[in-house]
Amino acid sequence: MTEEILEYRTVLAAQVTTWYPACRVEDFPKDGGLCISYRGLQIAVFNFTRRKEWYATQNLCPHKHQMILSRGMIGSDGDEPKVACPFHKKTFSLKTGINLNGNECELATYPVKVENGTVLVGFA
């Protein structure tokens with residue numbers, strides 16, 4: 001399982017070499033997530049409607065090693081958008097992937113943009 005975790009690496013906007021068309025905007029739930037597959041990786045993409053923002057992280061929970069984060073609850077901790085794992089309720093920043101509970105495990109994050117009604121996720 002450690003090998004799977006190593007495959008997920010945060011991509012910054014300046015590092016993007018490929019914008020992958022994930023789905024149409026209307027296919028996403030409001031204030032929720034969907035899981036997409038890109039080159040064998042499961043990526044959780046979130047439509048945070050209340051904030052008018054989009055986020056993408058690895059779908060793999062780094063604590064329980066389950067592909068579940070796209071089904072997590074999203075919300076805010078002050079100005080910080082977050083997702084809570086549905087298994088253990090640990091919360092992670094949707095911007096940076098940092099574990100907001102102070103534990104060592106973090107999420108890989110990916111840039112997201114919307115063009116012509118299509119949600120695109122950036123990969124390096």
Side-chain angles (χ1 to χ4, degrees):
M1 187 60 68
T2 301
E3 291 170 10
E4 278 184 346
I5 292 173
L6 294 177
E7 291 179 19
Y8 293 98
R9 297 198 194 304
T10 292
V11 175
L12 302 175
Q15 299 170 318
V16 173
T17 57
T18 301
W19 285 101
Y20 178 73
C23 230
R24 302 286 306 160
V25 169
E26 61 266 15
D27 295 330
F28 280 85
K30 292 181 180 182
D31 293 311
L34 283 179
C35 179
I36 66 164
S37 178
Y38 177 78
R39 294 191 176 178
L41 299 176
Q42 288 191 30
I43 306 298
V45 182
F46 299 96
N47 177 6
F48 205 149
T49 312
R50 292 184 310 253
R51 294 176 63 107
K52 297 181 177 133
E53 296 171 342
W54 291 84
Y55 299 97
T57 70
Q58 68 191 51
N59 194 41
L60 179 70
C61 168
H63 180 252
K64 292 288 186 182
H65 300 252
Q66 298 289 325
M67 297 295 187
I68 193 72
L69 290 175
S70 64
R71 292 191 241 159
M73 291 177 42
I74 60 174
S76 297
D77 185 2
D79 286 338
E80 191 69 36
K82 65 180 182 175
V83 61
C85 176
F87 280 138
H88 57 68
K89 308 300 183 238
K90 296 211 184 297
T91 57
F92 300 91
S93 166
L94 287 169
K95 286 183 181 178
T96 65
I98 292 172
N99 186 324
L100 299 173
N101 302 107
N103 296 341
E104 68 283 350
C105 54
E106 297 181 356
L107 301 179
T109 59
Y110 305 87
V112 179
K113 67 181 180 179
V114 176
E115 289 182 350
N116 300 320
T118 299
V119 179
L120 303 153
V121 180
F123 296 97

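Hydrogens, waters and symmetry mates are skipped; everything else that's a heavy atom, side chains included, is used. What you see is a predicted model, and the numbers here were worked out from it, not measured in a lab.
Neither Leu69 nor Met67 shares a network with the other; the hydrophobic side chains, linked directly or stepwise wherever heavy atoms of I, L, V, M, F, W or Y lie under 4.5 Å apart, form separate groups for each. A chain of hydrophobic side-chain contacts below 4.5 Å, direct or via other Ile, Leu, Val, Met, Phe, Trp or Tyr residues, connects Val114 to Val121. Transitive grouping of hydrophobic side chains (ILVMFWY, heavy atoms separated by less than 4.5 Å) keeps Leu34 and Ile74 in distinct clusters. Transitive grouping of hydrophobic side chains (ILVMFWY, heavy atoms separated by less than 4.5 Å) keeps Tyr55 and Val11 in distinct clusters.
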side-chain contact (heavy atoms from CB on, under 4.5 Å), that's the test. Do Asn101 and Thr91 meet it? Break it down for me.
CA-CA 6 Å; Asn101 302 107; Thr91 57; 3.5 Å; yes
Determine, stepwise, if the pair Asn59 / Tyr8 fulfils side-chain contact (heavy atoms from CB on, under 4.5 Å).
CA-CA 9 Å; Asn59 194 41; Tyr8 293 98; 5.6 Å; no
For Thr96 and Thr109: C-alpha separation, side-chain torsions, deciding distance, then whether side-chain contact (heavy atoms from CB on, under 4.5 Å) applies.
CA-CA 6 Å; Thr96 65; Thr109 59; 5.8 Å; no
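Closest of all the heavy-atom pairs between Leu120 and Pro21 is CD2-CA, 3.5 Å. Taking both residues in full, the closest heavy atoms of Leu100 and Lys82 are given as CD1-CB, 3.7 Å, listed atom of the first, atom of the second, then distance. Nearest heavy-atom pair across Phe92 and Cys105 is CE2-O, 3.6 Å. Heavy-atom minimum distance, Ile68 versus Cys85: CG2-SG, 3.9 Å.
In this structure, the side chains of Lys95 and Pro81 come closer than 4.5 Å at one or more pairs of heavy atoms. Side-chain contact check for Phe87 versus Cys61: every heavy-atom pair is 4.5 Å or farther apart. The closest side-chain heavy-atom distance from Val45 to Ser70 is not below 4.5 Å. Using a 4.5 Å cut-off on side-chain heavy atoms (C-beta onward), Ile43 and Tyr20 make no contact. You'll find the side chain of Leu94 reaches within 4.5 Å of the side chain of Thr57, heavy atoms only.
Here the options are Tyr110, Phe46, Phe28, the test is ring-ring contact (aromatic ring centres under 6.0 Å, His included), and the partner is Trp54; only Phe28 passes.
Environment of CZ in Arg51: crowded, with over 12 heavy atoms of neighbouring residues, nucleotides or ligands closer than 6.0 Å.
Between the side chain of Gln15 and the backbone N or O of Leu12, at least one donor-acceptor pair lies under 3.5 Å. Between the side chain of Gln58 and the main chain of Ala108, a donor-acceptor pair closer than 3.5 Å is present. Using modelled atom types, no side-chain atom of Asn99 and backbone atom of Lys90 make a donor-acceptor pair closer than 3.5 Å.
In this structure, Tyr38 and Phe123 have parallel ring planes: the angle between them is below the 30° cut-off, well short of the 60° mark.
Using a 4.0 Å cut-off between a side-chain N of Lys or Arg and a carboxylate O of Asp or Glu, Arg24 and Glu26 qualify as a salt bridge.
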